[in-house]
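What follows is a single structure, written as structure tokens, with notes after it.
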Amino acid sequence: MSILIVPISPDNFSAIVREHGPGMPSLDTLLWQDRKRTEETVMHRVAAITGDARLVGFGMAVSGPWDPILKPGYFDLTIQVDPEWRNQGIGSTIYRELEQFASRHRAIALQSQVRETQTTDLVWAERRGS
């Protein structure tokens, strides 16, 4: 099954997503993120969508006054892939998209968080220098 990586926002969420698993963001999540952002926030969100409109992956790169400890030029990355869809390159594709976005916005560094108990996720992040 083919996967599309597309920009996602509250404006297009309902048009491109028919189904999403419990670990994937909802429309309410995107609306909360939009309420949190300011004019100085630099943000890019993408969704990995199946041909039948199932949200199986999500990514976000954000910089600016999003997080009070986020240094200028640093981008915080969030990457989520539905467990049933892992090991198919979806996370890597999302990462490359976010990395390119951050680079276009003169990122100094990329940062992310992974729980040390999530060993598979930790190994994935370490391979990318996180």
Side-chain angles (χ1 to χ4, degrees):
M1 181 175 284
S2 66
I3 302 292
L4 294 173
I5 306 295
V6 296
I8 192 166
S9 71
D11 295 335
N12 71 354
F13 186 90
S14 297
I16 64 173
V17 175
R18 286 199 197 102
E19 177 186 355
H20 60 86
M24 292 293 107
S26 65
L27 175 57
D28 289 338
T29 302
L30 298 182
L31 290 167
W32 173 82
Q33 291 169 346
D34 278 1
R35 284 192 303 272
K36 184 177 176 180
R37 72 193 301 178
T38 68
E39 288 182 16
E40 295 86 30
T41 302
V42 178
M43 180 188 293
H44 182 52
R45 294 177 290 205
V46 294
I49 306 291
T50 65
D52 59 354
R54 181 175 176 199
L55 177 63
V56 296
F58 172 79
M60 179 174 72
V62 63
S63 187
W66 176 261
D67 181 330
I69 63 170
L70 196 59
K71 297 177 185 177
Y74 281 56
F75 276 78
D76 189 59
L77 302 185
T78 300
I79 300 172
Q80 299 169 263
V81 177
D82 185 307
E84 294 178 25
W85 290 83
R86 291 185 177 187
N87 300 312
Q88 298 182 44
I90 296 169
S92 296
T93 302
I94 291 171
Y95 178 82
R96 284 190 300 275
E97 169 71 23
L98 299 179
E99 183 181 44
Q100 290 171 4
F101 174 82
S103 178
R104 287 191 304 270
H105 287 85
R106 300 179 185 196
I108 295 169
L110 305 178
Q111 65 184 40
S112 191
Q113 297 178 14
V114 179
R115 292 185 178 130
E116 61 186 33
T117 57
Q118 295 176 313
T119 54
T120 303
D121 295 349
L122 192 55
V123 169
W124 186 90
E126 286 173 341
R127 280 187 286 171
R128 283 150 187 84
S130 299

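What you see is a predicted model, and the numbers here were worked out from it, not measured in a lab.
- The CG atom of Asp76 sits 13.5 Å away from atom NZ of Lys71, with the distance rounded to the nearest 0.5 Å.
- Gln80 CD to Met24 CE: the interatomic distance, rounded to the nearest 0.5 Å, is 5.0 Å.
- The number of heavy atoms from other shown groups lying within 6.0 Å of CZ (Arg37) is above 12.
- In terms of modelled atom types and a separation under 3.5 Å, the side chain of Asn12 and the main chain of Pro7 share a donor-acceptor contact.
- Here the straight-line distance linking atom CD1 of Ile5 with atom OG1 of Thr93 works out to 5.5 Å at 0.5 Å rounding.
- Contact check for Asp82 versus Arg54: side-chain heavy atoms found under the 4.5 Å cut-off.
- The closest side-chain heavy-atom distance from Thr50 to Trp85 is below 4.5 Å.
- Rounding to the nearest 0.5 Å gives a distance of 8.5 Å between CG of Leu77 and CD of Glu99.
- Using modelled atom types, no side-chain atom of Arg45 and backbone atom of Phe58 make a donor-acceptor pair closer than 3.5 Å.
- When all heavy atoms of Ala102 and Leu110 are compared, the closest pair comes out as CB-CD2, 3.5 Å.
- Of the inter-residue distances, the one linking Asp11 atom CG with Asp34 atom CG reads 8.0 Å to the nearest 0.5 angstrom.
- Distance check, rounded to the nearest 0.5 Å: NE2 of His20 to CG of Leu55 gives 7.0 Å.
- Enclosure of atom CZ in Arg104 by more than 12 non-hydrogen atoms of other residues, nucleotides or ligands within 6.0 angstrom is indicated.
- Side-chain contact between Leu30 and Ser9: absent, with no pair of heavy atoms (C-beta onward) separated by less than 4.5 Å.
- For the pair Ile8 and Val46, the tightest heavy-atom approach, listed with the atom from each and the gap, is CG2-C, 3.8 Å.
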Check your understanding: Which is it for Phe101 and Val42 under the side chain to side chain contact (heavy atoms under 4.5 Å, CB included) test, yes or no, and what are the steps along the way?
Key -> CA-CA 10 Å; Phe101 174 82; Val42 178; 3.6 Å; yes
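- Residues Pro72 and Ile108 share a closest heavy-atom pair of O-CD1, 3.6 Å.
- Side-chain atoms of Lys36 and Met43, non-hydrogen and from C-beta on, never get closer than 4.5 Å to each other.
- The two atoms that bring Gly57 and Ile94 nearest to each other are C-CD1, 4.0 Å, heavy atoms only.
- Between His105 and Phe75, the ring planes are tilted. Angles from 30° to 60° get that label.
- In terms of heavy-atom proximity, Ala61 sits nearest to Leu98 at N-CD2, 3.7 Å.
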